[in-house]
Protein chains: 2
Amino acid sequence: MDPITLAVVGVGKIVRDQHLPAIAKNPDFNLICAASRHGKVEGIDNFTSIEAMLDAVPTLEAVSLCMPPQARYQAAVTALSAGKHVFLEKPPGATLSEVVDLKALAAEKGVTLFASWHSRYAPAVEAAKRFLAGTRIRTLKIEWKEDVRHWHPGQAWIWEAGGLGVFDPGINALSIVTHIMPKPLFVTKAVLEFPENRDAPIGAEINFANADGVEALGEFDWRQTGPQSWNITAETDAGHMLLSHGGSRLAIDGREEDHGPEAEYPSLYARFASLVRGKQSDVDLAPLRLVADSFMLGKRKVTEAFHD
Amino acid sequence: MDPITLAVVGVGKIVRDQHLPAIAKNPDFNLICAASRHGKVEGIDNFTSIEAMLDAVPTLEAVSLCMPPQARYQAAVTALSAGKHVFLEKPPGATLSEVVDLKALAAEKGVTLFASWHSRYAPAVEAAKRFLAGTRIRTLKIEWKEDVRHWHPGQAWIWEAGGLGVFDPGINALSIVTHIMPKPLFVTKAVLEFPENRDAPIGAEINFANADGVEALGEFDWRQTGPQSWNITAETDAGHMLLSHGGSRLAIDGREEDHGPEAEYPSLYARFASLVRGKQSDVDLAPLRLVADSFMLGKRKVTEAFHD
């Protein structure tokens, strides 16, 4: 089969670090151009807007939208309306309603829409899902604590309204949890900490429950210096589960098995190719819905100003 | 056909004002009991919990859940698990995720779940929908401004996290707009005003757009004294539309037709009976999704303390 002609839109850190290497290794895709207000990809045609690119390159079949979520909807409408398949970086939009709208538009146009959640493809996630399916869960804990100065240096958009703040990394945890839990969690209580000079939270403590009566606690913090924590732990009838390093490693009662090397973005592009070839879409809103619910249900605490 | 045996749960102001009169007039229902921590309904059996009521009255077929949204999920799980049909007052829950969960449970149990939106049954709403379907909309404006001291005296739960604040009435406007707009709106910008001593907003200004490029503005305010405003206006190619009085009256370029008397709750119970008889559910989350999106995308402004 001919490779799918692809463009990346919004050329920033995540495109350079993850998308370009993953696309380069995948024979199902042929990256032929890019559109970005500031960034460029060497060796292919570059445009400053998606509209200019779609006009100039009619052979283009698919686009990966990697700009900040606040600008993603308009680009997605433009691409879907032109009959292009669309890969959405996470989160798939700034609001739930706009993504519901995109789903309908993709169905109407008969093209693929893929709302990607890269952490679901971390090496040990499927093993954790299998483990939890075979036991009774007593409690679950999510600890997602990192140093925002190290991971998001100078990224102003994550602090703006709609940028999600600490839920920008936190939604990775939620994308894993919504995938591995046998019964879905919902938010029962939330406290969000907003720096007095910012429109997005720097920390959040979220209580969850599910229909089985499992209680879960999520601790999200962007002020963690020293060791970073991207852990999901569960106390179960079959022992203590620790899914650590953002889903890369799994230990049951301290015993760890090897689940292979990290390949999140290569897996995402394999999935996107399979969706396009199979004429299907995959738009799971559950992680973003939990974030929206946390904002709606959450108490707001104002905390000290944050400066990069 | 035998009437459906029904109970109301959470006996407060809305039950006395609306549910009891509507149920009394509907021959499809036979109200046989009630459960409430504090309130009572005269002339039928009263219980202090839904669990006690379900144990004592096995012939009960359906329940209307009218307690504050923060407590609705657990009662709904209890009722659905016992095989009862469930009518949810608006909003259907404190979070979107819990209602998604209830939908799945209702389907599994083969019973009806009805997320009611009473304002959709206001007299002039269908006429407004027909009008908008036949023209091009240029702009839309929602003005939902009322005096909280008059309409919600001493209702502490609406000011708590999860009580939605000014969106408790505002979601009525959103339930109408999501019903009458030919293409769905989504939130593009939001500013929420929180009194410094409260966990829910007292005012909100929301910008919306849709796939047709229509821009809409929503002004929600709980500090309106004097005349109250529950208006949706649209500038269209076919003239100026004013849907006023919470959906009761419609004027096109100032010309008003009579759309009959108010019958929102009687219409809701007619719909519930038809869903139960037809073994169907009706759970539209669009209004609550717009509220959650407003919280997620919204800038927070702290404003002066509010005292009842």
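By convention in this document, chain letters (A, B, ...) are assigned in the order of the sequence lines, proteins followed by strands, and residues within each chain are numbered from 1.
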So with a 6.0 Å cut-off around [atom1] of [X], is the heavy-atom count from everything else above 12?
X: A:R138; atom1: CZ; answer: yes
X: A:K299; atom1: NZ; answer: no
X: A:E215; atom1: CD; answer: no

Heavy-atom contact with chain B under 4.5 Å, split by part of A:L185: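 Only the backbone of A:L185 comes within 4.5 Å of chain B.
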Contacting region of A:Y73 [heavy-atom separation from chain B under 4.5 Å]: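 The side chain, not the backbone.
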If you compare all heavy atoms of [X] against all heavy atoms of [Y], which two are closest, and at what distance to 0.1 Å?
X: A:A292; Y: B:A292; answer: CB-CB, 3.9 Å
X: B:M296; Y: A:A94; answer: CE-O, 3.5 Å
X: B:V187; Y: A:E98; answer: O-OE1, 4.4 Å

Beyond-backbone contact of [X] with [Y], side-chain heavy atoms, under 4.5 angstrom:
X: A:V302; Y: B:R300; value: no
X: A:T95; Y: B:R289; value: no
X: A:T188; Y: B:Q70; value: no

Nearest-0.5 Å distance that lies between atom OG in B:S97 and atom CG in A:N210: 12.0 Å
Separation of B:S294 OG from A:F295 CZ (nearest 0.5 Å): 12.5 Å
For chain A, the option from B:L192, B:D101, B:L102 that forms the most heavy-atom pairs under 4.5 Å: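 Heavy-atom pair counts peak at B:D101.
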Most chain A-contacting option - heavy-atom pairs closer than 4.5 Å, from B:V291, B:V77, B:V100, B:L105: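 Option with the top pair count is B:V100.
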Test item: A:D293 side-chain N/O and B:L96 main-chain N/O as donor-acceptor pair under 3.5 Å: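 Pair found, side chain donor or acceptor close to backbone of B:L96.
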Side chain / backbone / both / neither for B:F194 at chain A, heavy atoms under 4.5 Å: side chain
